[in-house]
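Reviewing the structure listed below.
Computed from heavy atoms alone, side chains included, the values below leave out hydrogens, waters and symmetry copies. Residue numbering restarts at 1 for every chain, and letters A, B, ... go by the order of the sequence lines.
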2 protein chains.
Amino acid sequence: MVKKKDLTTEEKILDAARKVFIEKGLDGARMQDIADRAGINKAMLHYYFRNKEKLFEVIFQEVASRLFPKMVAIMSSDLSLFDKIRQFTHDYLETVMENPYLPLFVLNEVNKQPEVFVKNMFGNQMPPVLILVNQIEAEIKEGIIKPISPLHLIINMLSLCIFPFVSKPIIMQTMNMDELQFRNIIEQRKTQIAEFIIESIKK
Amino acid sequence: MVKKKDLTTEEKILDAARKVFIEKGLDGARMQDIADRAGINKAMLHYYFRNKEKLFEVIFQEVASRLFPKMVAIMSSDLSLFDKIRQFTHDYLETVMENPYLPLFVLNEVNKQPEVFVKNMFGNQMPPVLILVNQIEAEIKEGIIKPISPLHLIINMLSLCIFPFVSKPIIMQTMNMDELQFRNIIEQRKTQIAEFIIESIKK
DNA sequence: GTCTATAACTCGATAGAC
DNA sequence: GTCTATCGAGTTATAGAC
């Protein structure tokens, strides 16, 4: 196991900042809190990252770029629609299960600054969602799946993947669940979501 | 139309506070901002609600109790499962479309204080979700629907309803949508979600 | 009840020694 | 690079006149 001692100061700061920002959000996070968890002095935060906003920006970019590119790649791949759905849902749940609080964190910040986000994520290239839209339309035409609005289908898939994490505390509390049981539910969903969707659209 | 003049000071404060808290969250909200939007002095906020936290608590309870009881009633009603799904999805989307930012607001605060929330919402009575679980199990036994985990089915229904609002800015930006187009999508989903679910579970 | 003025405090940021 | 000490802006909260 890697101890704190082995990390550079910069790494210690980033580790602490990631935790605090994800837990508290930009407004709720305290530089003192980050410094304490990193085991260093508050002044060091400014020495390395100049100010709170810059530090947050680094964390957000790091987190978002860990989350999106993989999914975009699947959406743009040349798999059949059914296999795409299977792989996307499976991989997404696997990725996020390691950091269940990431989705809410990202959604919050995107809601506060919508324009900035999308620009940074996709640049000027055609959003990969459109590729998927085209594929869905094609498979409808070929008679592989029932007619359905591509946009709704995509929203449905994302909803089924992401929402359980966003509502994790509600699910756990109302169903009297512990952490392990929640992991189990997600584990089941890795295959169930795809089945659920495909069952609804297959001919 | 009702003018500000006709409202009591307390109502003016609550209206302003609701907007600001929902938009900025507890940490991001400023008492000065609330006072300005209410058209009164900052000191009045404390006169009526003692402090920021107390004011927030009032708003949160008010918002949550506007959102949940109706849904709970549908879940506990004696409709058939298919009709329940149809009515729940339709009514939920209708209710939330008036305040698209409510879900994220509620989810955020629940994530920060999970225990408090569920206690306040359901008290000691059996969570209405369990009633729905029983009904789903019964309809599976009767052969009306395919075997499916009741819990997953409920999570799926909630996901499909709520997530589009939570990810509103992402959807709008990536699909190049304006406010009206988004409303249209939600309008379509009022019937599409139920169809999508039923198509997947019907025999 | 409502206002002005200000106290009390939190927190991000900086200065400066080592 | 790292620390201690402190500043100063911004915010919540209160005192006190009307």
pair B:Asn156-A:Arg189: side-chain heavy atoms closer than 4.5 Å: yes
Reading DNA chain D 5' to 3', which nucleotide is the first, and which the last, to come under 4.0 Å of any heavy atom in chain B? D:dT11 to D:dT14
Residue pair B:Leu130 / A:Met175, side-chain heavy-atom distance below 4.5 Å: yes
Looking at A:Asp15 and A:Lys12, is any side-chain nitrogen of the basic one under 4.0 Å from a carboxylate oxygen of the acidic one? no
Check whether any side-chain heavy atom of B:Cys161 lies under 4.5 Å from a side-chain heavy atom of B:Leu93, and answer yes or no. yes
Do A:Lys190 and A:Glu187 sit within salt-bridge range, that is, some charged N less than 4.0 Å from a carboxylate O? yes
Polar atoms only, N or O, under 3.5 Å: list the protein pairs with nucleotides 12-15 of chain C and their distances.
from: C:dG12; atom 1: OP1; to: A:Ala29; atom 2: O; distance (Å): 3.3
from: C:dG12; atom 1: OP1; to: A:Arg30; atom 2: NH1; distance (Å): 3.4
from: C:dG12; atom 1: OP1; to: A:Lys52; atom 2: NZ; distance (Å): 3.3
from: C:dG12; atom 1: OP2; to: A:Met31; atom 2: N; distance (Å): 3.0
from: C:dG12; atom 1: N7; to: A:Lys42; atom 2: NZ; distance (Å): 3.2
from: C:dA13; atom 1: OP2; to: A:His46; atom 2: NE2; distance (Å): 3.2
from: C:dA13; atom 1: OP2; to: A:Lys52; atom 2: N; distance (Å): 2.8
from: C:dA13; atom 1: N6; to: A:Lys42; atom 2: NZ; distance (Å): 3.1

Note: B:Glu62-B:Arg66 ion pair, threshold 4.0 Å (strictly below): yes
Given B:Met177, which partner from the list B:Glu179, B:Gln181, B:Gln173 fulfils the side-chain contact (heavy atoms from CB on, under 4.5 Å) test? B:Gln181
Reckon A:Tyr48 touches a base, only the sugar-phosphate, or nothing at all at heavy-atom distances under 4.0 Å? sugar-phosphate
Short N-O contact, B:Lys84 and B:Glu139, less than 4.0 angstrom: no
